[in-house]
Amino acid sequence: MVTTLFNSILNLQNSQTKSTKRMSQGYAIELYFDPALENQVLKAWNVFARRQISTYLINNESRPHITLFSTTSFIDSTKLEPIIKSFSSKQEPISLSFSSIGSFSSDDNALFLSPTPSLSLIKLQVQLCEVIKKEGFEIGEEYRFDSWVPFCSVAVDVPKSRISEGFLVLRDLKLPVYGYAMDIGLVEFSPVREVFSFGLGNNLES
């Protein structure tokens, strides 16, 4: 299943690119990293910003993350918060290894890091969507089983003339980069505003 899912990434780039576009209003459930891994990604963001290749993620005050679910529909966060709190308490931190880099060719030219295929990561996302679907939340095509492709954005709106330079920046990370997924949070965008977050397995707010 994992091999099939990740072999489909090229065919899914167009739909996944939609989730990187800056929409006027929306919500996302995001998976956050341990401090060491988060700092590794932030270093790349800062290099992109200093070189004026891409400043969007820094300016938007986002956190390095993998998007588990996103929607442009209104979400009642007071309804969702206890659901995510309960779900997070039943999970454990997940080992991550970002081992490859890629890009979405579109109007916003995004660069990203891809994690090595992991059953635990896929199961967490599938189970999360099953839980929120039971509560009446509609799951978009790109977040459904056998469609979701996890990635961590590192640059958005990269000029086409500087895509190659962007890849060189990412190679300086000396992949693979290891760490853990530690928290799940809800954000509202744009601009990005964290509504709540919970640690995996300990049922405590981050």
Side-chain angles (χ1 to χ4, degrees), residues 16 18-45 56-96 98 110 112-115 118 120-140 142-144 148-156 177-206:
Q16 285 291 333
K18 295 177 183 178
S19 67
T20 69
K21 292 184 178 179
R22 290 143 315 287
M23 294 170 282
S24 59
Q25 181 181 8
Y27 297 85
I29 299 176
E30 300 178 340
L31 188 65
Y32 299 126
F33 313 141
D34 67 85
L37 178 56
E38 182 172 287
N39 284 335
Q40 287 277 75
V41 179
L42 285 172
K43 286 179 183 178
W45 288 13
Y56 173 76
L57 293 170
I58 289 290
N59 292 341
N60 206 38
E61 298 183 359
S62 182
R63 286 179 64 185
H65 65 274
I66 294 172
T67 301
L68 302 174
F69 168 78
S70 184
T71 180
T72 55
S73 300
F74 173 77
I75 283 183
D76 183 350
S77 60
T78 60
K79 177 182 177 182
L80 188 60
E81 184 169 359
I83 298 171
I84 300 302
K85 182 177 183 179
S86 174
F87 176 81
S88 300
S89 70
K90 299 171 185 176
Q91 310 303 315
E92 295 294 336
I94 295 174
S95 177
L96 296 173
F98 287 98
F112 61 88
L113 299 175
S114 291
S118 163
S120 56
L121 177 59
I122 295 170
K123 283 177 61 179
L124 180 141
Q125 193 272 342
V126 169
Q127 291 172 359
L128 172 69
C129 287
E130 288 176 348
V131 167
I132 63 177
K133 184 178 181 180
K134 290 178 182 178
E135 299 297 328
F137 294 93
E138 184 177 353
I139 308 301
E142 63 266 40
Y143 297 104
R144 294 176 184 171
W148 179 67
V149 177
F151 64 91
C152 174
S153 295
V154 289
V156 178
V177 177
Y178 300 100
Y180 289 88
M182 301 294 293
D183 307 276
I184 293 178
L186 176 72
V187 298
E188 181 180 359
F189 61 85
S190 287
V192 173
R193 180 183 69 87
E194 184 175 296
V195 182
F196 59 76
S197 65
F198 299 101
L200 298 179
N202 59 19
N203 207 24
L204 296 175
E205 290 189 64
S206 300

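Remark: Lys133 fails to qualify as a cation-pi partner of Phe69 under the 6.0 Å distance and 45° angle criteria applied to the six-membered ring.
Judged by distance alone, with hydrogens and angles left aside, the side-chain atoms of Gln125 form no donor-acceptor pair with the main-chain N or O of Val149 at under 3.5 Å. When atom types are taken as modelled, the side chain of Asp183 and the backbone of Tyr32 share no donor-acceptor pair closer than 3.5 angstrom. No donor-acceptor pair closer than 3.5 Å links the side chain of Glu38 to the backbone N or O of Pro64.
For the residue pair Glu194 and Val187, the shortest heavy atom distance occurs at CA-CG1, 4.0 Å. Shortest non-hydrogen contact noted between Tyr143 and Ser70 is OH-CB, 3.4 Å. Closest approach of Leu80 to Ile75, counting heavy atoms only: CD2-CG2, 3.9 Å. When all heavy atoms of Pro150 and Ile66 are compared, the pair lying nearest together is CB-CG2, 3.9 Å. The nearest pair of heavy atoms linking Val195 to Glu188 is CG2-N, 4.1 Å. Taking both residues in full, the closest heavy atoms of Pro93 and Leu200 are given as CD-O, 3.8 Å, listed atom of the first, atom of the second, then distance.
Atom-to-atom distance recorded for Glu30:CD and Arg63:CZ is 8.5 Å, nearest 0.5 angstrom. Atom CD in Gln91 sits 13.5 Å away from atom CE in Met182 (nearest 0.5 Å). Of the inter-residue distances, the one linking Lys85 atom NZ with Ser197 atom OG reads 12.0 Å to the nearest 0.5 angstrom. Note that CG of Leu37 is 10.0 Å distant from OG of Ser95, once rounded to the nearest 0.5 Å. For the atom pair Phe196 CZ and Glu81 CD, the distance stands at 5.0 Å (nearest 0.5 Å). Ile132 contributes atom CD1, which lies 4.0 Å from atom CD1 of Ile29 (distance to the nearest 0.5 angstrom).
Val156 places none of its side-chain heavy atoms less than 4.5 Å from the side chain of Asn60. Contact of the Leu124 side chain with the Ile94 side chain is registered, since non-hydrogen atoms from C-beta on lie closer than 4.5 Å. Side-chain atoms of Phe198 and Ser89, non-hydrogen and from C-beta on, never get closer than 4.5 Å to each other. The closest side-chain heavy-atom distance from Trp148 to Val126 is not below 4.5 Å. Side-chain contact check for Ile84 versus Leu128: some heavy-atom pair is nearer than 4.5 Å.
In this structure, the ring of Phe33 has its center less than 6.0 angstrom from the ring center of Phe98.
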Check your understanding: Does the pair Ile139 and Arg144 meet the rule for a side-chain contact (heavy atoms from CB on, under 4.5 Å), with working shown?
Key -> CA-CA 7 Å; Ile139 308 301; Arg144 294 176 184 171; 3.9 Å; yes

Practice item. For the pair Phe151 and Leu113, evaluate side-chain contact (heavy atoms from CB on, under 4.5 Å) and give the outcome as yes or no after the intermediate values. Key: CA-CA 6 Å; Phe151 64 91; Leu113 299 175; over 6 Å; no

